[in-house]
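Have a look at the structure below before the remarks.
Only heavy atoms go into these numbers, but all of them, side chains included; no hydrogens, no water, no symmetry mates. In this chain, residues are counted from 1 in sequence order. Just follow the structure's listing: the first ligand is 1, and inside any ligand the first atom is 1.
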Amino acid sequence: MPDKNLWQAVLAQIELDLTPAKFATWFKSTKAQKEGKKIVISVPNSFVKEWLEGKYSEKIKKIVRSLDEEIRRIEFNIDKDLVTRVDPSPPERDDRQETLEVFKKDQNTGLNKNYTFNNFVVGGFNELAHAAALAVAEEPGSRYNPLFLYGRVGLGKTHLLQAIGNRVVKDNPRLKIRYIASENFTSDIILAIRNGTISSLKDKFRQIDILVIDDIQFIAGKEKTQEEFFHIFNSLYQKNKQIILSSDRPPKSISSLAKRLRSRFEGGMTADIGYPDLETRMAILKTKSQERGSDLPDDVCEYLAQNIETNIRELEGALNRIIFFKKVRTEDPDLEKIKELVSDFTVGRQEKLTPEKILEGVSDYYNIDKGKIISSSRKKEIVKPRQVAMFLMRRELESSYPAIGKEMGGRDHTTAMYSCNKIEDNLEKDDNLKKDISVIKVKFLSV
Ligand code: ADP
Ligand code: MG
């Protein structure tokens, strides 16, 4: 394989794991050359060199070797000419540029056209979030305001947020929509405060019809940003403008979030996204592979879906790796090769956490019999571990309240809900409880 193609294939895979900004910073102006059994990666300066060596060499090595087994080592080399290549004269157009373009976002809206409702697979785990997103896309501002979607990383929050945006752009092109990641929102605010332009920035936000802020949990602890956001929020809300937020946890679990913001977030529609089941994971793989014009055989689909369970982004990363292999090698990898190609997505994973394991962990930690924990005893020293177990099932597994109740000796879902809320509230004021829970998590559940 020519060196250029090899390096492009490596970059395209790395790109999947990084934010566009990070990718641009660290990888965009790199080159690589094969020299015997090693690959020499040229970078623009020593800063990039150290960073890549420290953080990425293992990953790069792995990907390179999956594409070219001959390579044994990687080396970094500083090439000062590289800096000027990026700017002012843009790099020559090549495949890599094209890949970058696919991921490019629209400058006005911040939206990426590739995320739509059409290519979003719906299953029990995201049904509610999907329905709410669709309703908001159809009638922005009037039904669910704000819409607050939450769920663990890589499970489709950004995709849904973007899908709403893209639908609105299509159906209501006159509406002004803005998608922004909360880190960018925060830095815009901080910069504007520093430059004395905060009121004009706020005016700009106030003219938006649909404001989408992704990963809002990152404004936790940032008081100034929260304050400005509160004003923007109120002003939009009063004018029936739609606000859409996502977070990796529900509003009340975002610590250091001003109470008034929390209650705003809770005041509209909140919907969670859980983990997809096996069938849905297979369906997602099928959709994604067809989208890329590279249908996977059933056994491969099944292997991936069975072994990558908790993160759709990783599922997609594994799929991409296979597709690239097929592209650069022009041969279909067999299942053994596939296992090797995607091993870093599948190996070293801890055994899957289950409600049973949580109960066991809690029982070990407090040294109280499992049977006692799920019994109907009201003794204080038993009630607390019981509530902690329920809380952990909710927090770590995102189990529904009825499911938790059932797991805990057939209790009512209201009891489960009460227990989870109780622990959640106590966590804020009780440092011992906080310690208990973190020890249980680390020692007994390894999460
Ligand atoms: P999050 O923002 O929750 O971390 P993303 O929205 O970035 O997750 O999703 C990660 C990847 O998985 C994206 O490429 C996205 O397209 C894909 N994905 C997530 N959920 C679905 C789904 N239900 N159907 C199809 N693709 C999905
Ligand atoms: Mg996201």
Side-chain angles (χ1 to χ4, degrees), residues 12-23 99-100 102-105 110-134 136-137 147-167 179-186 212-220 244-250 253-254 270-292 294 296 301 304-305 308-324 342 345 398:
Q13 290 190 21
I14 289 174
E15 192 178 358
L16 296 168
D17 297 339
L18 294 181
T19 61
K22 264 213 173 113
F23 181 79
T99 341
L100 283 174
V102 176
F103 291 104
K104 214 157 151 187
K105 58 179 189 198
L111 292 170
N112 171 338
K113 286 204 292 291
N114 297 315
Y115 294 120
T116 63
F117 281 113
N118 289 339
N119 61 11
F120 189 79
V121 178
V122 184
F125 73 110
N126 62 11
E127 215 167 0
L128 180 65
H130 172 260
L134 206 53
V136 163
L147 172 64
F148 189 102
L149 300 181
Y150 66 93
R152 289 293 171 88
V153 67
L155 294 173
K157 301 182 295 294
T158 298
H159 190 137
L160 262 186
L161 256 48
Q162 294 260 355
I164 300 176
N166 285 316
R167 173 66 62 89
Y179 167 95
I180 185 165
S182 104
E183 295 111 305
N184 294 342
F185 178 76
T186 301
V212 187
I213 303 190
D214 205 354
D215 289 317
I216 194 76
Q217 76 273 7
F218 291 129
I219 71 167
I244 305 169
L245 306 167
S246 83
S247 159
D248 66 350
R249 64 200 73 179
S253 306
I254 306 177
T270 57
D272 67 330
I273 301 182
Y275 293 112
D277 57 29
L278 182 68
E279 280 75 38
T280 315
R281 296 198 296 278
M282 304 258 301
I284 291 172
L285 274 174
K286 281 273 174 212
T287 311
K288 299 271 176 195
S289 57
Q290 278 161 7
E291 240 175 43
R292 288 171 179 62
S294 180
L296 291 186
C301 257
L304 296 180
I308 306 172
E309 297 179 305
T310 53
N311 187 323
I312 298 173
R313 186 173 299 138
E314 289 190 354
L315 204 57
E316 211 177 342
L319 171 70
N320 281 313
R321 193 164 292 173
I322 294 167
I323 291 177
F324 275 110
V342 303
F345 292 105
E398 309 198 351

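A donor-acceptor pair shorter than 3.5 Å can be found between the side chains of Tyr179 and Asp214.
Under a 4.0 Å heavy-atom criterion, Gly151 is not in contact with ligand 1. Within the 4.0 Å heavy-atom cutoff, His130 does not count among the residues contacting ligand 1.
Of all the heavy atoms in Gly317 and Phe345, the pair that sits closest is C-CZ, 3.6 Å. Considering all non-hydrogen atoms of both residues, Asn311 and Leu155 come closest at CA-CD2, 4.3 Å.
Counting backbone and side-chain atoms alike, Thr158 contributes an N/O/S atom closer than 2.8 Å to the Mg ion (ligand 2).
Among Ser247, Ala163, Gly156, the residue whose heavy atom lies closest to atom 8 (O) of ligand 1 is Gly156.
Side-chain contact check for Ile216 versus Ser246: every heavy-atom pair is 4.5 Å or farther apart. Under the 4.5 Å side-chain criterion, counting only non-hydrogen atoms from C-beta, Tyr150 is not in contact with Asp248.
Proximity of Val121 to ligand 1, defined as any heavy-atom pair under 4.0 Å, is shared by backbone and side chain alike. With a 4.0 Å heavy-atom cut-off, ligand 1 is reached by the backbone of Asn119 but not by any atom from C-beta on. Looking at Glu316 against ligand 1, only its side chain comes within 4.0 Å, counting heavy atoms.
A salt bridge links Arg292 with Glu316: the distance from a Lys NZ or Arg NE/NH1/NH2 to an Asp or Glu carboxylate oxygen falls below 4.0 Å.
Closest to atom 7 (O) of ligand 1, if we only count protein heavy atoms, is Arg313 NH2, 2.8 Å. Ranking the protein heavy atoms by distance from atom 27 (C) of ligand 1 puts Ile312 CG2, 3.8 Å first. If you check which protein heavy atom lies closest to atom 16 (O) of ligand 1, you get His159 ND1, 2.7 Å. Counting protein heavy atoms only, atom 4 (O) of ligand 1 is closest to Gly154 N, 2.6 Å.
Where the criterion is an N or O separation shorter than 3.5 Å, residue side chain and backbone included, Phe120 fails it with respect to ligand 1. Checking only distances, Val122 never comes within under 3.5 Å of ligand 1, N or O to N or O.
Residue Glu291 holds its CD atom at 9.5 Å from CG of Asn118, rounded to the nearest 0.5 Å. Taken from CG in Leu296 to NZ in Lys286, the straight-line distance is 7.0 Å, to the nearest 0.5 Å.
Close contacts between ligand 1 and Leu155 involve ligand atoms 1 (P), 3 (O), 8 (O), 19 (C), 20 (N) [criterion: under 4.0 Å to a heavy atom]. If you number the atoms of ligand 1 from 1 as listed, the ones under 4.0 Å from a heavy atom of Val153 come out as 4 (O). Within ligand 1, the atoms closer than 4.0 Å to a non-hydrogen atom of Asn126 are 23 (N), numbered from 1 in the order shown.
Relative ring orientation between Phe117 and His130 is described as perpendicular, the plane-to-plane angle rising above 60° on a 0-90° scale split at 30° and 60°.
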Val153 and Arg313: side chain to side chain contact (heavy atoms under 4.5 Å, CB included), yes or no, with the steps?
CA-CA 8 Å; Val153 67; Arg313 186 173 299 138; 3.7 Å; yes

